[in-house]
4 protein chains.
Amino acid sequence: MQKSELYKLMGIKLDLAVEAHEILRGEVGREIPGVKMDEERYENAVVKTITILDEQGAQIMGRAPGTYVTLESREIRDNNKMVHKQIGEILANKLKEILPLREDSTVLIVGLGNWNATPDALGPKVVELSMATRHLFHYAPEELRQGLRSVCVLAPGVLGLTGIETAEIIKGTVDRVQPDLVICIDALAAGSVERINSSLQVATTGINPGSGVGNKRIGINQETMGVPVVAIGVPTVVHAGIIAHQAMEKLFNHLQTTPALQDVYHALRPVAVNEMINDVLEPFGGQLMVTPKEIDEQISNTARIIAMALAMALHPGMPEDEVEHYLH
Amino acid sequence: MQKSELYKLMGIKLDLAVEAHEILRGEVGREIPGVKMDEERYENAVVKTITILDEQGAQIMGRAPGTYVTLESREIRDNNKMVHKQIGEILANKLKEILPLREDSTVLIVGLGNWNATPDALGPKVVELSMATRHLFHYAPEELRQGLRSVCVLAPGVLGLTGIETAEIIKGTVDRVQPDLVICIDALAAGSVERINSSLQVATTGINPGSGVGNKRIGINQETMGVPVVAIGVPTVVHAGIIAHQAMEKLFNHLQTTPALQDVYHALRPVAVNEMINDVLEPFGGQLMVTPKEIDEQISNTARIIAMALAMALHPGMPEDEVEHYLH
Amino acid sequence: MQKSELYKLMGIKLDLAVEAHEILRGEVGREIPGVKMDEERYENAVVKTITILDEQGAQIMGRAPGTYVTLESREIRDNNKMVHKQIGEILANKLKEILPLREDSTVLIVGLGNWNATPDALGPKVVELSMATRHLFHYAPEELRQGLRSVCVLAPGVLGLTGIETAEIIKGTVDRVQPDLVICIDALAAGSVERINSSLQVATTGINPGSGVGNKRIGINQETMGVPVVAIGVPTVVHAGIIAHQAMEKLFNHLQTTPALQDVYHALRPVAVNEMINDVLEPFGGQLMVTPKEIDEQISNTARIIAMALAMALHPGMPEDEVEHYLH
Amino acid sequence: MQKSELYKLMGIKLDLAVEAHEILRGEVGREIPGVKMDEERYENAVVKTITILDEQGAQIMGRAPGTYVTLESREIRDNNKMVHKQIGEILANKLKEILPLREDSTVLIVGLGNWNATPDALGPKVVELSMATRHLFHYAPEELRQGLRSVCVLAPGVLGLTGIETAEIIKGTVDRVQPDLVICIDALAAGSVERINSSLQVATTGINPGSGVGNKRIGINQETMGVPVVAIGVPTVVHAGIIAHQAMEKLFNHLQTTPALQDVYHALRPVAVNEMINDVLEPFGGQLMVTPKEIDEQISNTARIIAMALAMALHPGMPEDEVEHYLH
């Protein structure tokens, strides 16, 4: 049975391109046409860059053409702040490569997600840590903004709290502020537990419907916003249905002693598996998330790494060893 | 010496029309042309309605033509929740009279102010307590929204936190959401200590530059937003300069035993008084606020009264004795 | 394979006595000696009372002798505030029966858990909503405290934040304040998803090591505190391992077409199942929790129900229709 | 008229020893017997150390014998994080001199004040930023705690929220945890506006009744706690009555043209002045505070300085350039 088919039935979309790529490559058994993958190794991290080159690749991968950079590091999960700073520097350097910035660009950082629900609060936390400077360019003397780029921030909340589609608030603000670039921060859902708080994804394609813990309904991307949108995301949860399915696979692998059983299992249709999983997850279904007990501390560390990286990448005059002074 | 002249020098604008009216009437010694004032008495409250009828009245009063309703009640300050509910009902009835609502109107409630600074956090608190319903009109079955009007909410933060003028975020959101009415909630600055948390003002003219604890730079009114804007405000602070001036007046009244001294005092020019006050308030000047020590509890009570009144006034099917169930 | 044995291996303790009871009765196929179970039905709720009568029952049930009342109602999960109030009243009446109160008793309400992690924040939220009155008995005039009992509140935080065992802060405070009763509020872990936010448990035995989302190390009970301790808990999470196991069981039930396979499955030892589950949950193991996406709103509703019930049960002069006025 | 007499009438106690000292020295016109004052100058700060040597000095100064170190620096108010770090280092060095620490000491940091009221939230903010390590000494492998001292933290809240005297919660916790030293952080009230957020006081005498923005009723000092208590405080407010009085003095100095008037003023008794001031501040009286509009950012900066200084002073192996990694 194909995972990609089952996940579609369960209404689960993997947010990390690198995971979608792994699964697809596993299922088709060869490289995906129209998709390129590069890898760089650092002391504490591996950076994988998946480029979706054309419409064919986009169709297979189920996501827009563009670049998806994933920084993988288990050290993100540890409480070693020195290593976190190094990871922040790697991320900053990647952002400098990716972000389409001029010296006088104005950047709008948007923290997506629900500040009241810890696993979804990554975006608002990054916003809280990030220093807004755009008003200094209008109201403050020039020496106060030397070495800084014009940055403004927004945490638009979620539909259930505001009654307004997140994308509408952002689009309205973009229309008024006219930034040159929007950077969205969002909590993501991973396809396996070991990805939680160990991967950071930067996507040049923005945010697309159904992504993230909070499941946006409207895209936040160049098409909807009218300016380039780069999305930074970190998986903080796994859908409970994925855990259930993985447990089933483990059990089956253990049991597959007889060819007869293998036949039975292979004849199992995704729709039947989906039903069993739904039975377990009732009455919440796809709304159940798996998250580590210490998610508050993890979110706080990850938000700090991203806020540091943004400060280093966006402000050309920011000395690396002082970057933490500029976090709120 | 005229208070109105001194306050102008000190950069202080009284947010309550009823206070501006009292001072002006005291100084000119007669009714203000182009301005009408009505009064209604309730068991626990007095409601004063000042109507600025024309441009002449507007000029003298230093604010736009329109209606300014002030509900005065010392009981707002006490911790009697039963009385608070009664005050909420009086406010709700006034809002029903004032708000230009159709059955199918969409209303955007905007909580102005800085959620990190207790005396300025009134608006965000009202937003937090208020239930958004607008999304139910798009996504939920009809029975879930019976008796409800379409309400959405926004707490746009302050310039220092976001780098974006508050009015820009609101205008952008208004352009996308196209509400029929905007209601802004804001913490105000009063002209005397006894007004703190004992007056609620509803103004049909919205918010104008320089108003509120957080001193907006751009107006939030029908002119800037394109739809009617009603402002609800409660004084939570008094400028420290006003306290200083009032103490001086007390002292002078005590000392004015000799005609010679009276001459000296009357010869005192506002600019000299302003200088003395600045000496006391240095280095903060107009940025110093006087606020009660228990401001957190006061704000929390007042926010609740306003949120109750809004729920009763906006949702036609809201039973009065259940209104508290609809607060978050 | 016995669930109780597997759960022990996985380090999972079911917090709800009613669930432990169901599993055990299923496994032994008859009533548990030394344990009594009663049931009452209400319009929107069922109340099950399990009484562990003696040491034999305690040993089998793996928990101390005492009374465990569970109020079950799926309506807790819905956003119907009127029904929530009714559930609050049922809980209040049960508390009045259970709590050992004299007219002049002093009660300490303790909100256990980590305020930074939404699914663990139930206790601190109840504390935030509850009105402290004990100081009125020392400092305020008598009329301010008519109809009230002396209540104080504490949210001691968690070991990871304070560096102090929760039980130590509580014991220290109990020694100074000398309350007649301690009521602990805690988020619990359930044995199945449908229990999340649909059950409220009141236990006369307090909190015992290993309970709750935050896994206390030291008990908070009459033995450690020196005064009666009643615990109120609501499941807000399920251990991810339980989901994994339930999915395996579903799959097996589906596959058990041949007697041969049944033999294989029955020969599966809990230790092997535990290993498979650990493989899925690596590297987090028992630290992974399953929780609904809307946990913030659920927690907020449940905290309100408990705070209402406490206000009604503790303050003899509290009119039921005004109880919401007394929540913060 | 003597300020010290008037302030007593107004119920105002100056929290900074250095201010009490200035006023008293002004009034008596010479050195205070039993009191010593030293001064050190740094690039961005002046450190004044007042030592109350004996009972005579204590009586005149109205505070216990001990050492009161005040670090004065207007740069605390500016948003220059590099300078803040330097100030943190000066404070850390002073703390290293003052704190009675052995290598294996356990330290309890207590954040006094109301987390809901911004000007009073300094203590809880420092606690939030500070890393607890004490549990690592019980549960974690040795390499995780190398270079660290055992630190635990507590934010006990205020009487109005908990119904429990702050000192009782602390004493109870001290009795259980048995720390070797308690460090209390508190927001203070200054005697003049220019002191707000520009002075840091370290007192070896702990906290005494009536101190701080939240006005404790019971002392938190070696006598009540049984272990040494060092208090760190920063003025975040000035009593509104002081502003009123200072304005009166300014006016009088301006008016004192005739000897007759001088006589009138000098004949003014403190009780009459107090009455005038009360008239202005009614109905809040001594409960009115003057505080800068940007108090949230100021508190956040000051809390960071103190948390950095504590991390450097308490953990012997803490590298100065990494200290910010150890703040939450």
Side-chain angles (χ1 to χ4, degrees), chain A residues 74 77 114-121 160-161 192-194 196 198 213-215 237-238 240-255 257-258 260-261 264-265 268 272-273 275-277 279-284 286-297 299-300, chain C residues 74 77 114-121 160-161 192-194 196 198 213-215 237-238 240-255 257-258 260-261 264-265 268 272-273 275-277 279-284 286-297 299-300:
Chain A
R74 287 166 189 234
R77 273 204 297 257
N114 181 350
W115 42 73
N116 291 332
T118 315
D120 197 23
L161 291 177
S192 80
V193 161
E194 64 188 8
I196 294 181
S198 73
V213 176
N215 281 11
V237 301
V238 171
I242 290 180
I243 301 297
H245 179 239
Q246 287 175 350
M248 287 170 160
E249 295 222 305
K250 286 278 171 203
L251 175 64
F252 173 73
N253 288 339
H254 192 92
L255 295 182
T257 43
T258 63
L261 181 60
V264 174
Y265 188 72
L268 250 185
V273 172
E275 219 166 83
M276 293 179 216
I277 291 175
D279 271 6
V280 173
L281 303 185
E282 243 185 331
F284 292 97
Q287 302 300 306
L288 275 180
M289 298 296 183
V290 177
T291 197
K293 204 192 282 186
E294 260 89 32
I295 185 65
D296 59 316
E297 199 172 332
I299 291 272
S300 154
Chain C
R74 285 162 191 237
R77 272 203 297 257
N114 180 351
W115 43 73
N116 291 333
T118 314
D120 198 21
L161 291 177
S192 80
V193 161
E194 63 187 8
I196 294 182
S198 73
V213 176
N215 281 10
V237 302
V238 170
I242 289 179
I243 301 297
H245 178 240
Q246 287 174 350
M248 288 170 160
E249 295 220 305
K250 286 277 171 205
L251 176 64
F252 172 73
N253 288 339
H254 192 91
L255 295 182
T257 43
T258 61
L261 182 60
V264 174
Y265 188 72
L268 251 185
V273 173
E275 220 166 83
M276 293 179 216
I277 291 174
D279 270 6
V280 174
L281 304 185
E282 243 185 331
F284 292 97
Q287 302 300 305
L288 274 180
M289 299 296 183
V290 178
T291 197
K293 205 191 282 186
E294 261 89 33
I295 184 66
D296 60 316
E297 200 173 329
I299 291 272
S300 154

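Just so you know, these numbers come straight off a predicted model, no measurement behind them. Within every chain, numbering begins at 1; the chains are lettered A, B, ... in the order of the sequence lines, protein sequences first and strands thereafter.
- Closest approach of C/Ala244 to A/Ala247, counting heavy atoms only: O-CB, 3.3 Å.
- Both the backbone and the side chain of A/Gln246 come within less than 4.5 Å of a heavy atom of chain C.
- Both the backbone and the side chain of A/Leu281 come within contact range of chain C, judged by heavy atoms closer than 4.5 Å.
- Rounded to the nearest 0.5 angstrom, C/Phe284 CZ and A/Glu294 CD are separated by 9.5 Å.
- For the side-chain hydrogen bond (donor to acceptor under 3.5 Å, both in side chains) test, residues two or more places apart in sequence or in another chain that qualify with A/Asn114 are C/Asp296.
- Using a 4.5 Å cut-off between heavy atoms, A/Ile196 touches chain C through backbone and side chain atoms alike.
- To the nearest 0.5 Å, atoms CD1 (C/Ile295) and CE (A/Met289) are separated by 12.5 Å.
- Just one residue in the list C/Asp279, C/Val273, C/Ile277 forms a side-chain contact (heavy atoms from CB on, under 4.5 Å) with A/Lys250, and that residue is C/Asp279.
- Proximity to chain C (any heavy atom under 4.5 Å) is restricted, for A/Arg77, to the side chain, taken from C-beta onward.
- Of the listed residues (A/Thr291, A/Ile299, A/Leu161), the greatest number of heavy-atom pairs within a distance under 4.5 Å of chain C belongs to A/Thr291.
- Remark: the backbone N or O of C/Asn116 is paired with a side-chain donor or acceptor of A/Thr118 at under 3.5 angstrom.
- Qualifying side-chain hydrogen bond (donor to acceptor under 3.5 Å, both in side chains) partners for A/Glu194, counting only residues two or more places apart in sequence or in other chains: none.
- Going from atom CG of C/Leu251 over to atom NE2 of A/His245 covers 9.0 Å, rounded to the nearest 0.5 Å.
- Of the candidates A/Ile243, A/Val290, A/Val237, A/Val290 is the only one forming a side-chain contact (heavy atoms from CB on, under 4.5 Å) with C/Val290.
- By the 4.5 Å heavy-atom criterion applied to side chains, A/Val193 and C/Pro283 are counted as neighbours.
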